[in-house]
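Worksheet: one structure, shown below.
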Amino acid sequence: MKALFLVLHRKDRSPGQRYRHEQYISFLEENGIECVFSPLLSTSKEDVAFYGQKIFPKIYVGLKALWRRFRSVLDAKKYDVVYIYRDAFFFGTFFEKWLKRRSAKILYDFDDAIWLMDKNANQGIFNRLKNPQKTATICALADTVIVGNEYLKRYAVRFNSNVRIIPSTIDFARYNLKTPDSKGTVCIGWTGSFSTIKHFETIIPALTEIKKKYANQVYFKLIGDPKYHNEPLSIRGIPWNADREVEDLSEVDIGIMPLPENDWTRGKCGMKGLQYMALGIATIMSPVGVNKEIICDGENGFLASSLKEWIEKLSLLIEDEALRNQLGQAGFNTVKTHFSVEGNREKWLAAFLE
């Protein structure tokens, strides 16, 4: 069996792709499925141009990507299954419809509320070309739709009756339970990207109060946007790096995942929290969407709704190392049981074989 993967980034470039499908590739291939990747952005230079703000490099990259996708779809008859992550191209549904006309078996996967408009400041006027409603069209064209949580499924089943939930998961071949250490200071950490910094900034007032309260007892680490800085909190962002990801996260003692409550964030799959918990890091998340299913407040982590709750629960963890270790161990057990690659790989295999 041969499967063609239509994705945006090359392997090990996008955390989203890695936690949805890349970490299952070896298992699929061991079970007789040859997996061929077709990324729209195939080099680091293209990534820079795409995420930059200059128009002409974006146009050049877009034209190269358009040609690359034409070639992939022309070859689609060589494959038994075409897997599409989010969409086949930046704009429109031309390629998905073309695949359907060529009788391709389409497996469609998404892990955010991508039918809503979440504008990217770096895309400028190109935001106007986006049509989030195309998600409905692609769902209807697909033979199988895979989503990351129940909220996303409720949307997808309006257009396709064959929808299955497979959560975003952690590969415990890479993640290991962090060894508790008494280093004298507490690191409060966040991981994400330039597009989700706005969520981190929602609790800056709480972090400011924590800094005033504990001074040099605490420090902050932000992973994912090297351009980000906050001088009052002495935060300098560092880039996300696939090879260093676990090492960078292992410095963190308290992992945070703040989110505002809206339709977009309800579609999130809780990946940041799962990463912290998989390392045994005490975790605090906003009670939004699937986060309320991952965290049982006070048992395997904390949920915090208001700035007051964020300050209270951060304070509890800063002052009590034993509590950090206790919640960290419980969080690790939760992810190991329900959100591991090993526990979900048969679901992916079944989706492809069907």
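All figures in this text were calculated on a predicted structure; none of them were measured in a lab.
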| message | A cation-pi test, strictly: NZ or CZ of Lys11 under 6.0 Å from the centre of the six-membered ring of Phe37 and no more than 45 degrees from its axis. Yes or no? | response | yes
* To do: Kindly check if the number of other-residue, nucleotide or ligand heavy atoms within 6.0 Å of NZ (Lys2) is above 12?
  => yes
Decide salt bridge (Lys or Arg N to Asp or Glu O under 4.0 Å) for Asp253 and Lys178; before the verdict, give the C-alpha distance in whole Å, the side-chain angles of both, and the deciding distance to 0.1 Å. CA-CA 10 Å; Asp253 300 297; Lys178 176 183 173 181; 3.3 Å; yes
**Prompt:** Is the number of heavy atoms from other residues, nucleotides or ligands under 6.0 Å of Lys105 NZ greater than 12?
**Reply:** no
In terms of side-chain heavy atoms, does Asn300 have a donor or acceptor partner in Gln329 at a distance below 3.5 Å?
no
side-chain contact (heavy atoms from CB on, under 4.5 Å) filter on Ala242, not counting sequence neighbours, yields Asp12, Arg18, Trp240
Would Glu245 and Arg174 pass as an ion pair if we require N to O under 4.0 Å? yes
Closest non-hydrogen atoms of Ala76 and Leu99, given as atom of the first, atom of the second and distance, are CB-CD2, 3.5 Å
inquiry  = Can you tell whether the side chains of Arg20 and Asp112 come within less than 4.0 Å, N to carboxylate O?
reply    = no
Measure from the ring center of Phe5 to the ring center of Phe352 and say whether it is less than 6.0 Å. yes
To the nearest 0.5 Å, atom OH of Tyr228 lies from atom CD1 of Ile223 at 14.5 Å
### Message
With a 4.5 Å cut-off on side-chain heavy atoms, are Ile254 and Cys187 touching?
### Response
no
Sorted by chain and number, sequence neighbours left out, side-chain contact (heavy atoms from CB on, under 4.5 Å) with Lys153 holds for Val147, Glu150, Val157, Val163, Ile165
d(Ile256 CD1, Phe302 CZ) to nearest 0.5 Å is 14.5 Å
Check your understanding: Are any of the side-chain heavy atoms of Leu349 and Glu346 separated by less than 4.5 Å?
Key -> yes
Inset, instruction - Output, in order, the C-alpha distance, side-chain angles, deciding distance and verdict of side-chain contact (heavy atoms from CB on, under 4.5 Å) for Tyr83 and Cys35. - result: CA-CA 10 Å; Tyr83 168 95; Cys35 301; over 6 Å; no
Side-chain donor-acceptor pair present, Ser42, Arg68, cut-off under 3.5 Å = yes
Inset, instruction - Taking atom types as modelled, find out whether Gln275 and Tyr19 have a side-chain donor-acceptor pair closer than 3.5 angstrom. - result: yes
Q: Would you please say whether a donor-acceptor pair under 3.5 Å links the side chains of Ser72 and Asp75?
A: no
Taken in chain and number order and not counting sequence neighbours, the residues that satisfy side-chain contact (heavy atoms from CB on, under 4.5 Å) with Glu299 are Cys296
Look at atom OH of Tyr60 and say whether more than 12 heavy atoms of other residues, nucleotides or ligands are closer to it than 6.0 Å. no
Problem - Thr169 side chain to Gln23 side chain, donor-acceptor N/O pair below 3.5 angstrom - result: yes
In terms of side-chain geometry, is the basic nitrogen of Glu22 or Arg13 positioned less than 4.0 Å from the acidic oxygen of its partner?
no
For atom CD of Glu342, is the number of surrounding heavy atoms from other residues, nucleotides or ligands below 6.0 Å larger than 12?
no
May I ask you to decide whether Lys198 forms a salt bridge with Glu201, counting only side-chain N to carboxylate O separations under 4.0 Å?
no
For the pair Phe89 and Phe94, evaluate side-chain contact (heavy atoms from CB on, under 4.5 Å) and give the outcome as yes or no after the intermediate values. CA-CA 8 Å; Phe89 194 69; Phe94 172 80; over 6 Å; no
Worksheet item: Hey, are Asn333 and Lys336 close enough side-chain-wise for a donor-acceptor pair under 3.5 Å?
Response: no
Given the side-chain rings of Phe27 and Trp348, with only the six-membered ring counted for Trp, is the space between their centroids under 6.0 Å?
no
Show your working on salt bridge (Lys or Arg N to Asp or Glu O under 4.0 Å) between Arg266 and Glu261 and close with a plain yes or no. CA-CA 7 Å; Arg266 290 186 196 104; Glu261 176 83 35; 2.7 Å; yes
Distance-only polar pair, side chains of Asp111 and Tyr85, donor-acceptor under 3.5 Å: yes
Query - Side chain proximity check, Leu317 to Leu323, heavy atoms < 4.5 angstrom - result: yes
### Message
Closer than 3.5 angstrom, by distance alone: can the side chain of Arg69 be matched with the main-chain N or O of Ala88 as a donor-acceptor pair?
### Response
yes
Closest non-hydrogen contact found for Leu152 with Ala113 is CD2-N, 3.8 Å
Close aromatic pair by centroid cut-off 6.0 Å: Tyr219 and Tyr214: no
Judged by atom type as modelled, is there a donor-acceptor pair below 3.5 Å linking the side chain of Tyr276 to the main-chain atoms of Ala282?
no
